[in-house]
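In what follows, a structure is listed as structure tokens, so that the remarks can point back to it.
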Amino acid sequence: FVFASGMLICRSTQRKVPFNYSLLKQRIEVARNVLKITPYNLIVWFAADNSVKRVNYDTRGIEKATDVISIPHIYLKPNKPLPKSKEGQDLGELVLGMGYIHNKSVISGQTMEEELTSILVHGLCHLMGHTHRGDKDFEEMLKKENEVMEAIRKSEE
């Protein structure tokens, strides 16, 4: 299936892991608003682990599945103003390893939607230029993730 809403383009090429598409779309839109990235296109691919493994190898040289791969189309610095978007400009892509995320949700005891939301927000923060290479970077990224997750929680009250 493929659906588009404004500048959010989602596709799912996996069939094994069920999840609530409508809820995830709403949560992504809240996150995009909080991060002020609504002028940019965002591509989200809900993929099977074998596809994620291939993308991970092609983009990072790592031959294994993972939860999320963030592929920026523009390079941003965290907590800096965003450049003005050109019409149709892509912020980037999030490739989500649905089997991997499902396994994480089982281990953590969270619902698939809770785990997927957390991973989506993490990936969006990477697209915004955040990293977790050092303690300071990790704390900054975690603060931004918590801000977005709190806004999502409030939007559902």
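Index from 1, following the sequence.
- Judged by distance alone, with hydrogens and angles left aside, the side-chain atoms of Asn56 form a donor-acceptor pair with the main-chain N or O of Lys64 at under 3.5 Å.
- When the side chain to side chain donor-acceptor pair (under 3.5 Å) test is applied to Gln26, no partner is found at least two apart in sequence or on another chain.
- Lys104 meets the side chain to side chain donor-acceptor pair (under 3.5 Å) test with Asp67; sequence neighbours excluded.
- When side chains are defined from C-beta on, Trp45 counts as touching Val55, because their heavy atoms get closer than 4.5 Å.
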Intermediate values then yes/no, side-chain contact (heavy atoms from CB on, under 4.5 Å), Glu156 and Leu23:
CA-CA 10 Å; Glu156 295 176 359; Leu23 178 62; 3.4 Å; yes
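- If you take NE2 on His102 and CD1 on Ile107, they are separated by 10.5 Å, rounding to the nearest 0.5 Å.
- In terms of the side chain to side chain donor-acceptor pair (under 3.5 Å) criterion, Asp49 has no residue partners (sequence neighbours excluded).
- In this structure, the side chains of Pro78 and Lys144 stay at 4.5 Å or more apart for every pair of heavy atoms.
- With rounding to the nearest 0.5 Å, the separation of CD1 in Ile9 from CZ in Arg11 is 10.5 Å.
- Salt bridge annotation for Arg153-Glu150: present, with a cationic side-chain nitrogen under 4.0 angstrom from a carboxylate oxygen.
- The shortest side-chain heavy-atom distance between Val34 and Ile152 does not fall under the 4.5 Å cut-off.
- Within the 4.5 Å cutoff, no side-chain heavy atoms of Ile101 are placed close to those of Val17.
- Nearest heavy atom pair, residue Ala47 against residue Val52, reads CB-CG2, 3.8 Å.
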For residues 116-133, please give each side-chain donor-acceptor pair under 3.5 Å, one per line with the distance, not counting sequence neighbours.
from: Thr117; atom 1: OG1; to: Arg27; atom 2: NH1; distance (Å): 2.8
from: Thr117; atom 1: OG1; to: Glu113; atom 2: O; distance (Å): 2.7
from: His122; atom 1: ND1; to: Glu145; atom 2: OE2; distance (Å): 2.5
from: His122; atom 1: NE2; to: His126; atom 2: NE2; distance (Å): 3.1
from: His122; atom 1: NE2; to: His132; atom 2: NE2; distance (Å): 3.4
from: His126; atom 1: ND1; to: His130; atom 2: O; distance (Å): 2.9
from: His126; atom 1: NE2; to: His132; atom 2: NE2; distance (Å): 3.2
from: Thr131; atom 1: OG1; to: Asp137; atom 2: OD2; distance (Å): 3.4

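- Connection of Val68 to Ile71 is not established within any shared hydrophobic cluster, with ILVMFWY side chains joined at heavy-atom distances below 4.5 Å, either directly or through further cluster members.
- Across all their heavy atoms, His73 and Gly92 have their closest contact at CD2-CA, 3.6 Å.
- Here the side chains of Met98 and Phe19 are in contact, with some heavy-atom distance below 4.5 Å.
- Met112 approaches Pro18 most closely through the heavy-atom pair CG-O, 4.0 Å.
- Rounding to the nearest 0.5 Å places NZ of Lys25 at 8.0 Å from SG of Cys10.
- Using a 4.5 Å cut-off between side-chain heavy atoms of Ile, Leu, Val, Met, Phe, Trp and Tyr, with links allowed through other members, Leu8 and Leu82 fall into the same hydrophobic cluster.
- Proximity of Tyr21 to Ser12: side-chain heavy atoms (C-beta onward) are separated by under 4.5 Å at one or more points.
- Sequence neighbours left out, not one pair with a member in residues 134-157 passes ring-ring contact (aromatic ring centres under 6.0 Å, His included).
- Other members of a hydrophobic cluster containing Ile62 are absent, since no ILVMFWY side chain comes under 4.5 Å of it, directly or through relayed contacts.
- Val44 and Val95 fall into different hydrophobic clusters, where Ile, Leu, Val, Met, Phe, Trp and Tyr are joined by side-chain heavy atoms under 4.5 Å apart, directly or via other members.
- Under a 4.0 Å N-O distance rule, the pair Glu157/Lys154 does not qualify as a salt bridge.
- Tyr100 and Leu96 sit in two unconnected hydrophobic clusters of ILVMFWY residues. Membership requires side-chain heavy atoms under 4.5 Å apart, directly or through other members.
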Tell me, with the steps shown, if Glu29 and Arg32 meet salt bridge (Lys or Arg N to Asp or Glu O under 4.0 Å).
CA-CA 5 Å; Glu29 289 297 354; Arg32 291 177 72 222; 3.0 Å; yes
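- No chain of hydrophobic side-chain contacts below 4.5 Å, direct or via other Ile, Leu, Val, Met, Phe, Trp or Tyr residues, connects Ile28 to Ile69.
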